[in-house]
Amino acid sequence: MQIKLSTWNINSVRLRIDLVAKFLKSVRPDVLCLQETKCPDDAFPAKRFKRLGYEHVALNGQKGYHGVAVVSRLPLDAQAVKSYCGKIDCRHVGVTLGEKAKLRDPVTIHNYYVPAGGDEPDPAINPKFEHKLAFLDEMKACANLLPKRDERSIVVGDLNVAPLEHDVWSHKQMLRIVSHTPIECEKLTAAQQAGGWIDVARTFVPPSEKLYTWWSYRAQDWFTADRGRRLDHIWVSQALGDRLSSIKVTKDARGWERPSDHVPVTVTLEV
DNA sequence: ATGGTCGGCAACCGA
């Protein structure tokens, strides 16, 4: 059985629900993981998703800031949320596809929204950057991100770090810019390596090639300047490493009317 | 080198 899984930082799910619908109608993922929903759970547009065929939802939202959600065409066997750094911020929700989705062996999906970290890349003077580093350290030690042998799991989300040289438009000019500083890249890579995670996009697009999922709102012409970053990631555990079919970055979505600054990333895999 | 734009929600905070 093949499943398609997408991740997208939507930057307000209520404002951009029509763009989400447009994406779902064209790509038809089985599961969509959203970040920055900026929406309390009781205000989540679940009815609209249901009409689009996504009847099953797992929510961890809050008013105004952050917030993550999973919407699925397949029924969910389980869902759970975890908080990080002792904060109430809604930055994780996990779901399991199993018997109800007619999977012989279950697959767990963790959807993350890592703190952006503010502007100043010094934890001593910028509490937001300190929070980001602590969050990455906590991810590395978290059982969610330490799959056991043969365990089938997937991590997706806006991880707010572009870890490789060609994950940014200019490695040299980005070294002191939050999202590409060495300490963040090391911490994200450490979390990835601790769990033996496979960076799906980089198995299809070689590390020597530029690949972005985010373009700033502040650029006068995002497309021509093309000063992007790869902030949105899909990792799979070793047990799923030989089951990957394709990856797709829906770059078009950055040019849609009133876009998010992030675009969807989709993996297709055999489960 | 600097400032540039969004969204939530009603003055700024977070990105």
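Within every chain, numbering begins at 1; the chains are lettered A, B, ... in the order of the sequence lines, protein sequences first and strands thereafter.
Positionally, the nearest nucleotide of DNA chain B for Asn11(A) lies more toward the 5' end than for the other of Asn11(A) and Gly117(A). Each of Pro259(A) and His262(A) was assigned the nucleotide of DNA chain B with the nearest heavy atom; the assignment lying further toward the 5' end belongs to Pro259(A).
dG14(B) atom P lies 16 Å from atom NZ of Lys63(A), rounded to whole Å. Nucleotide dC13(B) holds its C1' atom 13 Å from the CG atom of Asp89(A), rounded to whole Å. Look at CG on Asp119(A): it is 14 Å from P on dG4(B), rounded to the nearest Å. Summarising the geometry, the separation between CD on Glu36(A) and P on dG8(B) is reported as 10 Å, rounded to the nearest angstrom. To the nearest angstrom, C1' of dA15(B) lies 9 Å from CG of Asn9(A). In this entry the distance linking CD1 of Ile177(A) with P of dG3(B) reads 14 Å, nearest Å. Atom pair Trp222(A):CH2 and dC6(B):C1' shows a separation of 16 Å (rounding to whole Å applied). When rounded to the nearest whole Å, the span between CD of Glu184(A) and P of dA15(B) equals 13 Å.
Between Arg14(A) and dG7(B), a side-chain N or O to OP1/OP2 separation shorter than 4.0 Å is absent. Regarding contacts with the backbone of dA15(B), a side-chain N or O of Arg91(A) is found under 4.0 angstrom from either OP1 or OP2. Lys128(A) has a side-chain polar atom (N or O) that falls below the 4.0 Å cut-off from OP1 or OP2 of dG14(B).
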* To do: Using the ring pair (Phe, Tyr, Trp, His ring centres under 6.0 Å) rule, take His92(A) and His110(A) through it: C-alpha gap first, then chi angles, then the decisive distance, then the call.
  => CA-CA 7 Å; His92(A) 165 268; His110(A) 291 288; 5.1 Å; yes

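Of the candidate nucleotides dG8(B), dC6(B), dA15(B), dC6(B) has the atom nearest to the side chain of Arg16(A). For His66(A), the side-chain atoms get nearest to dG14(B) when compared with the rest of dG14(B), dG7(B), dT5(B). For Leu15(A), taking side-chain heavy atoms from C-beta onward, the closest of the listed nucleotides dG8(B), dG14(B), dC6(B) is dG8(B).
In summary, the aromatic rings of Trp8(A) and Phe23(A) are positioned with their centroids under 6.0 Å apart. Less than 6.0 angstrom separates the ring centroid of Tyr84(A) from the ring centroid of Tyr112(A).
Nucleotides dC6(B) and dT2(B) are separated by 23 Å at their P atoms, to the nearest Å. Remark: the separation of the P atoms in dG14(B) and dA10(B) is 15 Å, to the nearest Å. For the C1' atom pair drawn from dG4(B) and dA15(B), the interatomic distance equals 14 Å after rounding to whole Å.
Between Thr37(A) atom OG1 and Ile17(A) atom CD1 the span is 11.0 Å, to the nearest 0.5 Å.
Side-chain N or O atoms of Tyr217(A) include one that pairs as donor or acceptor with a backbone N or O of Asp261(A) at under 3.5 Å.
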